[in-house]
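One structure is given here, and the rest of the page talks about it.
Note that ligands are numbered from 1 as they come in the structure, with each ligand's atoms numbered from 1 the same way. The shown structure was predicted, so the numbers you read here are calculated from the model rather than taken from an experiment.
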Amino acid sequence: MTRYGYRAFADRTRHVPVHIHLSEQPAENDACLAVHGRTPARLLADSGFWGRNTTAVHATHLTGEDIALLGGAGSTVCMCPTTERDLADGIGPAPQLRRAGCPLSLGSDSHAVIDLFEEARAMELNERLRSRVRGHWTAAQLLRAASEDGHASLGWPEAGRLEAGGFADFSTIALDSVRTAGPPPRLAAEAAVFAATGADVRHTVVAGRQIVRDGRHQLIEDVPRALAEAIAATRG
Ligand SMILES: [Zn+2]
């Protein structure tokens, strides 16, 4: 897109969320530098792109200036740790982005694993491996990235938490499964983030409507079969 094109795009979309996959792999940075003489984050900044309604997905290979640009704009960064490890892309600078001012959300950009619990704990566990230090995020912070900040990134700041006037969008997690049983109630958040999987979701409510009840989808009879058919359809 031309410089004008980016600006017009940003103006048009100022009040709607805009997500862009950014610097996932070094090759795309190299190509951008070769053509534009700037990193992708810098190129977008020069076009007036970044703002609080924008989300950078991946943001794995950033310069210090890139991090400052995203943080200064208050852009959200959507980390996709299971995708980065599946593709051998590397570990994004999540702690530095948080310190720069970026809210962090979580996403799945591949179909190898789709499980927000795994994405949430991977952000902490990746940093443990890199730094050999524990405690980069609390369970509460990781749950917030998986819920409230994720909703805000999608343009629904009134969702992701339970309060009067907010959207009734939430899931409940079984704390009596083979993965989660045992910890006292005060450690429920830790059990959810560091032990649960999507299989432990017991109820899911979307906009006040119960979609999953006692682990069973209320709208789709056979979810695995429906998934298989949907994937088969993409193959033609
Ligand atoms: Zn992507």
If we ignore hydrogens and angles and just use 3.5 Å, is the side chain of Asn126 paired with the main-chain N or O of Met123 as donor and acceptor?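 Flag not set: sc Asn126 to bb Met123 has no pair under 3.5 Å.
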Any donor-acceptor N or O pair under 3.5 Å, side chains Ser153, His19: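 A pair is found: one side chain offers a donor N or O, the other an acceptor, under 3.5 Å apart.
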Residue pairs, two or more places apart or on separate chains, that pass salt bridge (Lys or Arg N to Asp or Glu O under 4.0 Å) and touch residues 56-70: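 Residue pairs with at least one partner in residues 56-70: Arg42-Glu65.
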Name all pairs fulfilling the salt bridge (Lys or Arg N to Asp or Glu O under 4.0 Å) condition that reach into residues 100-109, sequence neighbours left out, sorted by first residue then second.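 Listed by first then second residue: nothing to list.
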Can you list every side-chain hydrogen bond (donor to acceptor under 3.5 Å, both in side chains) pair that touches residues 89-101, not counting sequence neighbours?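 As it turns out, the side-chain hydrogen bond (donor to acceptor under 3.5 Å, both in side chains) pairs with a partner in residues 89-101, which skip direct neighbours, are Gln25-Asp89.
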With a 4.0 Å cut-off on N to O distance, would you call Asp115 and Arg121 a salt bridge?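 Between Arg121 and Asp115 there is no salt bridge, as every charged N stays at least 4.0 Å from the carboxylate O atoms.
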The Zn ion (ligand 1) neighbourhood, protein N/O/S only, threshold under 2.8 Å: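 N, O, S partners closer than 2.8 Å: His21 ND1, His58 NE2, Asp109 OD2.
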